[in-house]
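One-based numbering along the sequence shown.
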Amino acid sequence: MNTRLPPLNALRAFEATARLGGVSQAARELHVTHGAVSRQIRLLEADLGLALFSREGRGLRLTPAGRQLQEATGTAFARLQDATTRLRSDTPSALVLGCPGSLLARWMIPRLERLGRDLSGLTLHLAAQEGGFDPELAGLDAAFLLAEAPWPAGWQVRELAPERIGPVVSPRHPAAGQPARLLDEPLLHTTSRPQAWPSWAARHGVDPARLRYGNGFEHLYYLLEAALAGIGVAIAPEPLVTADLDAGRLLAPWGFSATGGAWILARRRGTADPRVDRLGDWLERELAIAAANPATGSGVDEAPG
């Protein structure tokens, strides 16, 4: 006795055709072509050595063998569908959160253990995003980032905290003990945010033309690694360097000031997901705690004039 099962795709094509009453209808449900369904049915008939359909005018009629197989496949696929539906409902899906790589590495990952304790039951899949976010947030449930309005029209944005940035430098840098000299040093910068230094300078009464630029980096993460290595003076959002300031690995000679930008949590407009709301509440609390306990490491009290 041959106990080998026919190909599953062929059985699926037969079941859909028998249930829906035609090849075209089955093709639409299975998202394949009419010809693909017909080929699978011919393959199944050849494998069984039996005709499963007979032609009746322009339609199809099940043969006795076809009716017998329809009963078996209909029951089997219905049970499979029920089982997979139950499994999906019992297994919580992960919330896909997009973050710039620098924010992911320096802010989110160090807090994941605490997030897991505080938001038990929430499973996160963190997706590093570089080079900007898709206006439709394709493939993401939400995005956590530093940004400045206006937002893409398709985004629903929750502002979590104002952004604050400032210059940072390693105590190993030759000019670290002489803050007045620091702006005359080559300044580290990122190609992703070229206006960071000029905007900061203008807000503090420093002529942007006075600034001298040194090494440029594509991403903030590498910029901060260069600053930690003592290569130059960087400019960074305060929460991303708090741990380094507290540990004395970096100094913030003039503290941090608001930029007009914000830490935001964005989702597609018109979507509702309680998990995103819970995450937003947690992120807002974390950022508020950081703001209430500002980083140490400032070398002087006044910004350069």
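Across all non-hydrogen atoms, the minimal contact from V168 to A252 is CG1-CB, 4.4 Å. Across all non-hydrogen atoms, the minimal contact from R172 to A229 is NH2-O, 3.6 Å. Minimum interatomic distance between L211 and A201 (heavy atoms only, all atoms of both residues): CD1-CB, 3.9 Å. Counting all heavy atoms, side chain and backbone alike, S170 lies closest to A227 at CB-O, 3.2 Å. Closest approach of D47 to R4, counting heavy atoms only: OD1-NH2, 2.9 Å. Nearest heavy atoms, D184 versus R212: O-NH2, 2.7 Å.
No side-chain heavy atom of P100 sits less than 4.5 Å from a side-chain heavy atom of L220. The shortest distance between side-chain heavy atoms of P6 and E45 does not fall below 4.5 Å. No side-chain heavy atom of R28 sits under 4.5 Å from any side-chain heavy atom of L20. Annotation: side chain of L122 is not in contact with side chain of W282 (no heavy-atom distance under 4.5 Å). S199 places none of its side-chain heavy atoms less than 4.5 Å from the side chain of T259. Side-chain contact check for L140 versus D134: every heavy-atom pair is 4.5 Å or farther apart. Side-chain contact between V241 and F256 is present, with at least one heavy-atom pair separated by less than 4.5 Å. In this structure the side chain of W197 never reaches within 4.5 angstrom of the side chain of P208, judged on heavy atoms.
Ring planes of F53 and F14: tilted class, angle from 30 to 60°. A perpendicular orientation is assigned to the rings of H189 and Y213, their planes being inclined by more than 60° (bins at 30° and 60°).
Placement of L43 and L62 in two distinct hydrophobic clusters is found when ILVMFWY residues are connected by side-chain heavy-atom separations under 4.5 Å, directly or transitively. Hydrophobic clustering, with ILVMFWY side chains joined whenever heavy atoms are under 4.5 angstrom apart, groups L119 together with L124.
By the neighbour-count criterion of 12 heavy atoms within 6.0 Å, atom CD of Q68 is sparsely surrounded, having that number or fewer from other residues, nucleotides or ligands. The number of heavy atoms from other shown groups lying within 6.0 Å of OH (Y222) does not exceed 12.
R117 pairs by the side chain to side chain contact (heavy atoms under 4.5 Å, CB included) definition with E113, R114, not counting sequence neighbours. Applying the ring-ring contact (aromatic ring centres under 6.0 Å, His included) test to F144 and every residue at least two apart in sequence or in another chain returns W107, W263.
Here the CG-CZ distance, from L224 to F217, works out to 10.0 Å after rounding to the nearest 0.5 Å. Atoms CG and CG, from L240 and L103 in turn, are 5.5 Å apart once rounded to the nearest 0.5 Å. In this structure, CG on L223 lies 9.5 Å from CD1 on I235, to the nearest 0.5 angstrom. Atoms CD1 and CG, on I41 and L52 in that order, are 8.0 Å from each other to the nearest 0.5 Å. Interatomic distance, OG1 of T73 versus CG of L11, reported as 7.0 Å (0.5 Å rounding). Of the inter-residue distances, the one linking S102 atom OG with L145 atom CG reads 12.0 Å to the nearest 0.5 angstrom.
For residues 145-158, the set of pairs meeting the salt bridge (Lys or Arg N to Asp or Glu O under 4.0 Å) definition, not counting sequence neighbours, comprises R158-D281, R158-E284.
Remark: side-chain polar atoms of R164 are not paired, donor with acceptor, to backbone N or O of P237 under 3.5 angstrom. The main-chain N or O of A175 is found under 3.5 Å from a side-chain atom of H173 such that the two form a donor-acceptor pair. Side chain of Q40 to backbone of A10: a donor-acceptor contact under 3.5 angstrom is found.
For the pair R269 and E136, the salt-bridge criterion is not met [side-chain N within less than 4.0 Å of a carboxylate O]. Ion pairing of R267 with D277 is present here, as a side-chain N (NZ or NE/NH1/NH2) and a carboxylate O approach within less than 4.0 Å. Looking at E286 and R111, a side-chain N of the basic residue comes within less than 4.0 Å of a carboxylate O on the acidic one, giving a salt bridge. With respect to the salt-bridge test (charged N to carboxylate O, under 4.0 angstrom), the residues D118 and R285 do not qualify. Between E218 and R193 there is no salt bridge, since no side-chain N of the basic residue sits under 4.0 Å from a carboxylate O of the acidic one. Checked for salt-bridge contact, E71 and R67 miss the test: no charged N lies under 4.0 Å from a carboxylate O.
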Criterion side chain to side chain contact (heavy atoms under 4.5 Å, CB included) on L97 and L265, from CA distance to verdict: CA-CA 9 Å; L97 180 68; L265 186 65; 3.9 Å; yes

Audit row: E29, S24, side chain to side chain contact (heavy atoms under 4.5 Å, CB included) steps and yes/no: CA-CA 9 Å; E29 178 176 289; S24 297; over 6 Å; no

Side chain to side chain contact (heavy atoms under 4.5 Å, CB included) assessment of T190 paired with H219: CA-CA 6 Å; T190 62; H219 303 302; over 6 Å; no

Side chain to side chain contact (heavy atoms under 4.5 Å, CB included) between V169 and L250, worked out: CA-CA 5 Å; V169 65; L250 288 175; 5.9 Å; no

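R12 forms a cation-pi arrangement with F77, by the criterion of a distance under 6.0 Å to the ring centre and an angle within 45° of the ring axis.
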